[in-house]
Amino acid sequence: MNSSTRDVEQELDRISNLPEPIRCLIISRLPIEELVRTSVLSKSWHDTWKNVPHLYFDLTRMTKACREPFYQVKRNRRSHCARNFLPCSEQHINQLHDAARLVNTILNAHSASVTSCRINQFPIGFQEPVESVEYLTRIKGVQELYLTGRPLIRFGPQKLKPLPFPSWGKTLQVLELSKYTIKDASIFKGCDNLHTLRLKIVKLGKESMGEILTYCKALKEISLLNCTGIENLTISNKNLKILELHNISFSLINICAENLAVLVLGNIQCPASCLVIKAPAVVKLDAFHLNRKDCFEMEELLSRCCGILGSCNDAGRPISNRTFYISPFKKLQMLSLNLDLNNIGEAIILSYFFRECFGLKTLKICLPVSTPLSEVV
Amino acid sequence: MSSSTELTEKKVFLLKSLDGVIFEVEESVAVQLEVIRELIEGDCARPFISLYNVTSEILALVIEYCKHHAETCSGGTSATIADEDLKTFDNEFMNVDENILLELCSAADYLDIKSLFELTCRTLASLIKDRTIIEVRKMFNVENDFSVVEEKAVRKEFAWAFK
């Protein structure tokens, strides 16, 4: 190839020559402000962003005004006076309104339907976000929605009372909520197609979780992380495939899921006698605790999971009455635990898994993070 | 009995690029190309397949990618090690200039290799991210066909995004 053809090739505008759907998929990974900016690249790019199927908003990036209070909170956290709300001037409130309004303007300008949408630092205290969510679920037919809240804002002496979300609608398949309060579960009415629900740092009403589960019958994956307010978790769902629970304390767990394949119990607190797991199809089990003290409870939980607790004496040794005992984990292939194998009581747990799970292929054991002896005693 | 099945020759496919270069690939690699997998499943795969939209330079890269992914996934290594290995490979593989990236992207779309398409899109987006419009235009040789007035108007429409 001679140099002149190489030069011509070099000057080809290959990116603009790509078919528009491909261009859309490339730029759909950009945050909204950069996405909108592509409209000035050239005439052929002017409307490209309007057909992008995935949208990603971060209110802290969208306007300078939103950035400031956010960092203020971060600073507060560092100086150990973290609060759930932050005092805010009227000016800040107005700027937040503006940013929230921008989301609506963009959604209106955008012309295609939206497959997935992520909005970070999205306050629900105002009218605009409620409108956005409504627009996304009703008109844009959004299938995957990821929303993260922001610290509640205190205006003068009063805390802004968050407005409830509008209901989610039929098109929604994946919903992830972080840092919100859900008191009224009726917003989940009609979520017939929701198959994945992830709640992170969500404050729930006492009955909310149960109600959500009765509304969302098609759920295949549930993940609850650092949620508060759920006391009793009762799941009875044949469709459920994946269940992840992290850093939550329950007073009762009752899981009946015939087809559950993956179960993660991370740092869960629950009285062992109130834990019932009927999940004969579990292939992967992850159970761990972060500190040593809780580990004893974990031991009890695990023994319970294995169905052996009722027949144990004080030393953790089973009395051999094994005829009534059915292992819930016959199909287990991957097991990951944190156990101290020097402790006979914990080592016994492992021996049960070995005895019962013939299909075990992968085993991962971590020693729990050790705490000073005095605390353990 | 088992040894005889092992001895049977692995099925090979010949892929012909736009500029007429022929590549020989094993079935395990060829099935990574969704277009070819569909042909095989529909029983319409002939041993000789012409790919009209891909140059030999790009097809060689695509085959390298598929080979590595096929080998790593079928090898006996554990899932986590394989994952790490693929990640480093992918990172190095993406260390090419923008033009090659764009061609890989459209080839991955044409041949329907989802992971490669995803990878190239992500890499291209990261090239655009945090760059000014002028820098992006220069990088991809995008000709600005707006007049000054027109561009001003477009910028004004979404003024907040340009602050």
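Chain A is the first sequence line, chain B the second, and so forth, proteins listed ahead of strands; every chain is numbered from 1.
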### Task
Would you check if Phe158(B) and Trp49(A) make a side-chain contact, meaning some heavy-atom pair closer than 4.5 Å?
yes
### Query
Given a strict heavy-atom distance threshold of 4.5 Å, which part of Ile106(A) is in contact with chain B: side chain, backbone, both, or neither?
side chain
### Query
Does a sphere of radius 6.0 Å around CD in Glu84(B) hold more than 12 heavy atoms from other residues, nucleotides or ligands, not counting ones at 6.0 Å or beyond?
no
### Task
Look at Asn144(B), Val154(B), Leu102(B), Val142(B) and state which one has the largest set of heavy-atom pairs under 4.5 Å with chain A.
Val142(B)
### Query
For Glu24(B), does the CD atom have more than 12 heavy-atom neighbours from other residues, nucleotides or ligands under 6.0 Å away?
no
### Query
Considering all heavy atoms of both residues, which atom of Ile15(A) and which atom of Ile128(B) are nearest to each other, and what is their separation?
CD1-CD1, 4.4 Å
### Query
Got more than 12 heavy atoms from elsewhere within 6.0 Å of CD, Glu41(B)?
yes
### Query
Counting N and O atoms only, with roles assigned by atom type, does the side chain of Asp145(B) sit under 3.5 Å from a partner on the main chain of Ser42(A), one being a donor and the other an acceptor?
no
### Query
Under the side chain to side chain contact (heavy atoms under 4.5 Å, CB included) criterion, do Leu41(A) and Phe140(B) qualify, and how do the steps go?
CA-CA 10 Å; Leu41(A) 275 172; Phe140(B) 294 106; over 6 Å; no
### Glu118(B) to Arg29(A) - nearest heavy-atom pair and separation
OE2-NH2, 2.9 Å
### Task
Using non-hydrogen atoms and a 4.5 Å limit, figure out which bit of Asp109(B) sits close to chain A: side chain, backbone, both or neither.
side chain
### Query
Considering residues, nucleotides and ligands other than Asn95(B), do more than 12 of their heavy atoms fall under 6.0 Å from its CG?
no
### Query
About how many Å separate OG of Ser106(B) and CG of Leu18(A), when rounded to the nearest 0.5 Å?
5.5 Å
### Task
Would you confirm whether Arg37(A), through its side chain, and Phe162(B), through its main-chain N or O, come within 3.5 Å as a donor-acceptor pair?
no
### Query
Looking at Glu143(B), Arg131(B), Glu98(B), Arg155(B), which has the largest count of heavy-atom pairs under 4.5 Å with chain A?
Glu143(B)
#### Entry: Lys50(A) NZ: over 12 foreign heavy atoms closer than 6.0 Å
yes
### Task
Pick one of side chain, backbone, both or neither for Ser39(A), based on which atoms fall under 4.5 Å of a heavy atom in chain B.
both
### Task
Tell me, with the steps shown, if His46(A) and Glu157(B) meet side chain to side chain contact (heavy atoms under 4.5 Å, CB included).
CA-CA 11 Å; His46(A) 183 249; Glu157(B) 200 182 340; 3.8 Å; yes
### Task
Starting from the C-alpha separation in whole Å, work towards a yes-or-no answer on salt bridge (Lys or Arg N to Asp or Glu O under 4.0 Å) for Glu34(A) and Lys129(B).
CA-CA 7 Å; Glu34(A) 296 208 34; Lys129(B) 204 167 173 264; 5.2 Å; no
### Task
Drop me the distance from Cys121(B)'s SG to Arg23(A)'s CZ, to the nearest 0.5 angstrom.
13.0 Å
### Message
Using a 4.5 angstrom heavy-atom cutoff, name the option from Ile134(B), Leu124(B), Ile133(B) with the most pairs to chain A.
### Response
Ile133(B)
#### Entry: Whether over 12 other heavy atoms sit under 6.0 Å from Lys43(A) NZ
yes
### Query
To the nearest 0.5 Å, what is the distance between OH (Tyr110(B)) and CD1 (Ile22(A))?
12.5 Å
### Query
Does atom CE of Met94(B) have more than 12 heavy-atom neighbours from other groups under 6.0 Å away?
yes
### Query
Do the side chains of Asp98(A) and Trp160(B) get nearer than 4.5 Å, heavy atoms only?
no
#### Entry: Distance-minimising heavy-atom pair for Arg137(B) and Val40(A)
NH2-O, 2.6 Å
